[in-house]
Amino acid sequence: MEYRFRDIEKKWQQHWKETNAYKVPNESSKPKFYVLDMFPYPSGAGLHVGHPLGYIASDIYARFKRLKGYNVLHPMGYDAFGLPAEQYAIDHGIHPAVSTEDNINNFRKQLDNIGFCFDWDREVRTCDPKFYKWTQWIFLQLFNSFFNRQSKKAEKIGVLIAAFEKAGTAEHPIPNSQFRISSFCKTEWNSYDEKTKQDILMQYRLAYCGYGEVNWCEALGTVLANDEVVNGVSERGGHPVEKKKLRQWYLRITEYADRLLEGLEAVDFSESMKEMQSNWIGKSFGANLKFQIANFPSQLEVFTTRPDTIFGVDFMVLAPEHELVNQIKSAEQAKVVDDYIAFVKSRSERERMAEKKITGVFTGAYAVNPFDGREIPIWISEYVLVGYGTGAIMAVPCGDQRDFLFAKYFNIPITNIIGNHYSGEEANATKEAILENSGFINGMRMKDAIDVVINKLEELGIGERKVNYKMHDAAFSRQRYWGEPFPVIWKDGVAYPLDESELPVELPQLDDLKPGPDGEGPLSNLPEWKNYKGGIREVNTMPGYAGSSWYFLRYMDPQNEKEFCSRKASDYWGQVDLYIGGTEHAVGHLLYSRMWTKFLYDLGLIGHDEPYKKLVNQGMIQGSSRFVYRITSSSEEGEITKPFFVSYNLRSDAEIIRKLVFGNRAGALMYVTSPLHVDVNIVDGVELNIEAFKNWRNGEYADAEFILEEGKYICGVETEKMSKSKFNTVNPNDLVEKYGADTFRMYEMFLGPVEMSKPWDTKGIEGVHRFLRKFCRLFSDEIKGKVWNEEKPTDAELKVLHKTIKKIEEDTERFSFNTGVSTFMIATNELTDLKCHKKEILEKLLILLSPYAPHISEELWHRLGNPGSVLDAVFPKWNEKYLKETSKAYPVAINGKTRTEITLSLDITQQQVEEIVLQNEVVRKWLEGKQPKKIIYVKNKMINVVV
RNA sequence: GCCCGGGUGGCGGAAUUGGUAGACGCAGCAGACUCAAAAUCUGCCGUUCGCAAGAAUGUGCUGGUUCGAUUCCAGUCCCGGGCACCA
């Protein structure tokens, strides 16, 4: 049979669509299984071969589970709000709604081409008002809730108001120590005006508005969340980011820090993923303690994880932005302090990170050690960050390397409290040392002293046990257009939520996306929209991660107009059993969606508090770039205008190059070769297709000349990120066109483990294609036509089948799709060798193959005369009976070199093994009449004889 | 600097967790069919020695545990990823 994949694939894709073959019901007697892909951001560039890797893996797994008798939810949608679409609109004048729609249609076409089993009736788009109505609704729930630290869960804000009315802040102290009110009783609360009450409540709300240092990106005209800033520049576009104090919306994710940390223990994520998350949360245990400032009424509070080193404190360091700095600086130090602060301000985050120079100045003030009364100089330095702890540290140079370097640099004397653990050359952060020079904790081991000191601090009322987190609340507003509007209006400086009946707050049509005044977003330019019900609408929009924080719930009940997702639907589908996506969302999306899930769980809206049971990170497929080497210039001979290209290995062969480029002119030996990206699609392996190259880019190099090696032009190779500008992208459509979707799917899997990153290489795709053709030949022949028959299979044939069933089941279950593909190849080779064309065998094989290569499986299923669809077949069970057979075993001589083979049956008893082994000639000879102490039947192949 | 991964033929990668290392595929070589090409099929294919049978050696490197190590332990060198003035 000729393998006419184009016709076959078109035919079945059409058929599946018409018969709604992938529709998933919400009610079923079957057990459920939820397989989810991270939904794509529909960029203009379309899909390249890297994107479908995860989708193919999840598709295979979803189809496999379906065959195994599960009701499988496998949906797809689009993360369609966000910065790039808006940036594109500004650059090209195309409205984001239009370009997004175009991109989605393009994505869809590419996805359909590969034959995925998505239930498209459940598609979601985060930019669709029917969807973001519920994003806004969940925002309202967050706004109207607080985190009850006693019960450790979110509760309605009404509970808090009732508590205030009854007992003031007694049960729920104000969490923000910077707030102008620190506590109040019930009569005070009842006497407050509306604005004060609302300001207080704002300190508790899980979605809140506040002023804070934010990551401001001037080029993008918006703030960014911490995880959207990488190395001091924006993740998207790489623009500089600065700190700015602005009014912003936040998500109080810090309240969930502990539960997010604990939740990691219950989920099946990779170790590195868990670690990235717990590093981001950054929990550390220690103490806050207060130092009196000499000759001043104020106290200086620091956070430390090592209170045991209190007697080793030789100086204090404040962040330059610390509020005490201006009060405590002495008259003679005032100028240097001011200059230093100005210097720090002038430096971008980026410069600061890049340089890492030791800088700082003395303030002129002294702190007093609470235990021995020692006066300690107070410095300021940029290595102390305002945002962490209290923005101030006690420096212990003998125990902390940064403090040590600082002390050395500024010649501050160092106190040694750890005896010979401290070398004087570098700090030693040990906890094992026995303390010296340490007052009441002298002679104690450091580890043990930690608690002793904290207890003492608490007893004296100058400190307390304290847990600190690196994670901050997440900035939740963007000064942008293409996002969800906030369902909030402002009146007299108070934010009021809109009523649920007013949702969705639709994003108004706006053609000019220029920013509004005072760093506000484009919506600020629409007065008729902005003014609403006697107030002013919030003109910021929500960030890209808003919709993606809960989209997996909407798939369960996508048409519901009354609820974001009915409790019945979410109880049926429950957690995502398998989530597949890249590692780049480790601390963003994954953390936010975990928080939203916990929040919805707290309110009783869903029944589970972790969204994903198992997470698999697919590796990145990098591009494999090809280079040609152009001979560009010669300092002595002037510009070389004609394009000359030299083959990779001859780049430094001056003789040959001189001959071609300079002819025989003397002294003309200077040249430079510069590498130039060349389209990978006109290179066969490393050999350049010279004709195609001459036609490339409208004949830009039509008159090029080449220096060849062995008649070929060999290109240079480098692995880089796949990108259009590097001409190393491979479009899946081209490969599907040439080899078919089934070949493409199997080849992507065959490349290697799903989790592994690897450069794309099209070379081996022929092998997979050949396998599929060979597989078809088991069914029918080009010349003879139909060759399959209904004869009864032999034991040897059944053995091949059952071995394959077992292996495919194992491979698929453990996500080893690459060995799965190999297993099919082996089975096909073996059946070909056996000349087996028996329906009973082939039919079962088709079922196994259908998750990997659905189109051809369906086609052959029908050619065998089977009714219905292979999609609804039952995954066959393997039978051990057929696997029992003879197998080789090797008794191993312990001190000799003897090794021999014995043929044993797999299902024999220990006693039989021993008999056979002892009868073996080589073993007998080796034993020389002695009795073996022990014969161990190690595995099914090896036998261990101990004498 | 710290924390995770990972080093296996010319290449991508197997080895079901301590039991014949290199499955399967690509590339290569030789051959069959063919006027020829394509397609297909067969054989060989880590390294060294050998005409061969075969022998020795071999999973980054150095040791250790074990009858037996790609697998476990210690040390070391590379490569990839993450975090990084977090007190």
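In what follows, chains are A, B, ... by sequence order, proteins preceding strands, each numbered from 1.
Distance from the side chain of A:Met276 is smallest to B:rG82 among B:rC85, B:rG82, B:rA15.
For B:rC24, the OP1/OP2 oxygens have no side-chain nitrogen or oxygen of A:Asn829 closer than 4.0 Å. Between B:rC26 and A:Arg770, a contact under 4.0 Å exists linking OP1 or OP2 to a side-chain N or O. Distances shorter than 4.0 Å separate none of the side-chain N or O atoms of A:Lys470 from OP1 or OP2 on B:rA87. Within the 4.0 Å cut-off from OP1 or OP2 of B:rA39, not a single side-chain nitrogen or oxygen of A:Arg777 is found.
A:Glu830 is linked by a salt bridge (charged side-chain N to carboxylate O under 4.0 Å, His left out) to A:Lys803, counting only residues two or more places apart in sequence or in another chain.
Here A:Lys774 lies in heavy-atom contact (under 4.0 Å) with sugar-phosphate atoms only. No engagement by A:Asp403 is indicated, since no non-hydrogen atom pair under 4.0 Å with the nucleic acid exists. Residue A:Ser822 is classed as a base contact, given a heavy-atom separation below 4.0 Å to a base.
Residues A:Phe64 and A:Glu809 form a side-chain contact, since some pair of their non-hydrogen atoms from C-beta on lies under 4.5 Å apart. At least one side-chain heavy atom of A:Met394 sits under 4.5 Å from a side-chain heavy atom of A:Thr309.
Neither side chain, A:Tyr747 nor A:Asp742, offers a donor N or O lying under 3.5 Å from an acceptor on the other.
In this structure, B:rU17 shows a glycosidic angle within 90 degrees of zero, which is the syn conformation. The glycosidic torsion of B:rG9 lies within 90° of 0, placing the base in the syn range.
Judged as a side-chain hydrogen bond (donor to acceptor under 3.5 Å, both in side chains), the pairs with a partner in residues 761-772 of chain A (not counting sequence neighbours) are, in order, A:Tyr739-A:Glu766, A:Thr743-A:His769, A:Trp760-A:Thr762, A:His769-A:Arg773.
RNA chain B contains the following stems of three or more consecutive Watson-Crick or G-U pairs, with both distances under 3.5 Å: B:1-7 with B:77-83, B:10-12 with B:24-26, B:28-32 with B:40-44, B:46-49 with B:54-57, B:60-64 with B:72-76.
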